[in-house]
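Okay, structure first, notes after.
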Amino acid sequence: MSTTPVPRLTDDLPGVLRDVLREPAPVHIREQVLVETGLADRMAPIDSPLGTLWVAWNGRGVSEVEQAGNGAEAAARHEALSGRRTTLAKTLPDDLRVAIGRRLAGETRVRIPLDLRGRSEFEVAVWTKALEIPRGEVRPYGWIAAEIGRPRAVRAVGTALGHNPVPLIVPCHRVVRTDGTIGQYSL
């Protein structure tokens with residue numbers, strides 16, 4: 001009977017990992033990992049009552065919704081704003097496409113994760129409060145300002161809504177001036 005130990009994979013784990021890391025990952029796998037971890041975004045079209053919208057997303061959530069002449073234009077603009085590589089996809093993932101479609105159809109209880117990194121705490125507070133406005137109703141800028149504990153920040157609320165990267169998902173169009181007229185929106 002031989003007493004020579006049989007080598008196990010764990011005996012030379014650092015060497016095994018070193019060998020694995022020498023091989024580059026296939027491009028599609030690399031891209032998928034970057035998107036899933038939020039280090040890169042994908043962007044795809046979706047039909048809406050306003051025409052074609054371009055939606056950017058990653059593993060953290062939707063990071064932008066915009067109208068653009070074409071996907072390349074939308075992706076380039078998103079990449080410049082977010083600082084993340086943005087690649088085009090033919091369609092949104094099914095669950096995201098369905099959720100956005102339901103939100104556009106008026107369902108307010110649809111949960112759509114958002115990636116709002118790089119935005120100020122104030123902006124996120126404004127957009128979060130705007131999510132509470134029921135479909136078919138409007139609120140003045142001052143209402144949001146008061147609700148988030150910044151009653152004198154009415155103009156800043158308007159500015160934050162104007163910079164909303166995910167319009168229609170966050171319904172900035174439901175916020176109006178005190179006289180009931182429409183303000184300037186990001187879409």
Side-chain angles (χ1 to χ4, degrees), residues 31-32 34-36 38-120 122-141 144 155-177 180-187:
E31 185 64 29
Q32 184 175 342
L34 290 173
V35 170
E36 286 304 314
L39 297 174
D41 287 7
R42 282 211 174 100
M43 186 171 255
I46 188 169
D47 290 330
S48 82
L50 300 174
T52 300
L53 300 175
W54 291 89
V55 178
W57 79 95
N58 59 52
R60 294 174 177 225
V62 174
S63 53
E64 187 171 7
V65 174
E66 73 165 277
Q67 286 183 308
N70 61 59
E73 177 186 314
R77 189 168 37 238
H78 177 68
E79 192 166 310
L81 290 171
S82 70
R84 294 185 299 272
R85 183 171 67 231
T86 305
T87 56
L88 292 175
K90 290 182 181 175
T91 61
L92 292 166
D94 287 342
D95 58 337
L96 187 56
R97 180 185 48 75
V98 168
I100 292 173
R102 288 173 52 199
R103 176 67 61 86
L104 294 177
E107 288 186 45
T108 55
R109 294 184 187 240
V110 179
R111 173 142 164 63
I112 300 172
L114 301 174
D115 179 4
L116 301 175
R117 284 178 289 164
R119 308 304 179 147
S120 74
F122 178 80
E123 288 174 318
V124 172
V126 168
W127 301 330
T128 301
K129 186 51 69 174
L131 281 168
E132 296 177 15
I133 303 170
R135 183 175 193 216
E137 295 184 24
V138 296
R139 300 286 188 278
Y141 296 111
I144 287 184
R155 282 186 179 216
V157 166
T159 299
L161 290 167
H163 292 143
N164 175 6
V166 287
L168 300 181
I169 293 175
V170 171
C172 56
H173 56 280
R174 294 182 188 155
V175 186
V176 297
R177 296 178 176 153
T181 60
I182 295 173
Q184 297 174 341
Y185 302 114
S186 60
L187 190 59

When you measure from the side chain of Glu132 to the backbone of Lys129, do you find a donor-acceptor pair of N or O atoms at a distance under 3.5 Å? no
Electrostatic pair Asp41-Arg60, nearest N-O below 4.0 angstrom: no
Between atom CG of Asn58 and atom CG of Leu34, what is the distance when rounded to the nearest 0.5 Å? 10.5 Å
What heavy-atom pair brings Ala56 and Met43 nearest, and what distance separates the two atoms? CB-CE, 3.6 Å
Under the criterion side chain to side chain contact (heavy atoms under 4.5 Å, CB included), I'd like the reasoning laid out for Glu31 against Arg42: C-alpha separation, chi angles, the key distance, then a yes or no. CA-CA 9 Å; Glu31 185 64 29; Arg42 282 211 174 100; 3.9 Å; yes
Verdict with supporting geometry, Arg135 and Glu107, salt bridge (charged side-chain N to carboxylate O under 4.0 Å, His left out): CA-CA 8 Å; Arg135 183 175 193 216; Glu107 288 186 45; over 6 Å; no
What's the separation between atom CH2 in Trp57 and atom CD1 in Ile100, rounded to the nearest 0.5 Å? 9.0 Å
Distance (rounded to the nearest 0.5 Å) between Thr128 OG1 and Leu114 CG: 8.0 Å
Identify the two heavy atoms, one from Val175 and one from Tyr141, that lie closest to each other, and give their separation to 0.1 Å. CG1-CD2, 3.5 Å
Set of salt bridge (charged side-chain N to carboxylate O under 4.0 Å, His left out) partners for Arg119, sequence neighbours left out: none
Any side-chain to backbone donor/acceptor pair from Arg117 onto Gly38? Under 3.5 Å, distance only. yes
For Ala130 and Val170, work out which heavy atoms get closest and say how close. CB-CG1, 4.0 Å
Not counting sequence neighbours, which residues clear salt bridge (charged side-chain N to carboxylate O under 4.0 Å, His left out) with Glu73? List them please. Arg77
Short N-O contact, Glu137 and Arg139, less than 4.0 angstrom: yes
Under 3.5 Å, is there a donor-acceptor pair between the side chain of Thr86 and the main chain of Arg84? yes
Do you know which of Asp47, Leu168, Val110 makes side-chain contact (heavy atoms from CB on, under 4.5 Å) with Leu104? Leu168
Checking the side chain of Thr159 only, and the main-chain atoms of Arg155 only, is there a donor and an acceptor separated by less than 3.5 Å? yes
Please name the pair of heavy atoms, one in Pro45 and one in Ala89, separated by the smallest distance, quoted to 0.1 Å. CD-O, 3.8 Å
Shortest non-hydrogen contact from Ile133 to Arg174? O-NH1, 2.8 Å
Distance from Glu64 atom CD to Asn164 atom CG, nearest 0.5 Å? 10.0 Å
Rounded to the nearest 0.5 Å, how far does CD of Gln67 lie from CG of Leu50? 5.5 Å
Distance check, rounded to the nearest 0.5 Å: Ile46 atom CD1 versus Thr91 atom OG1? 10.0 Å
Heavy-atom pair of closest approach, residues Gly71 and Trp54: N-CZ2, 3.2 Å
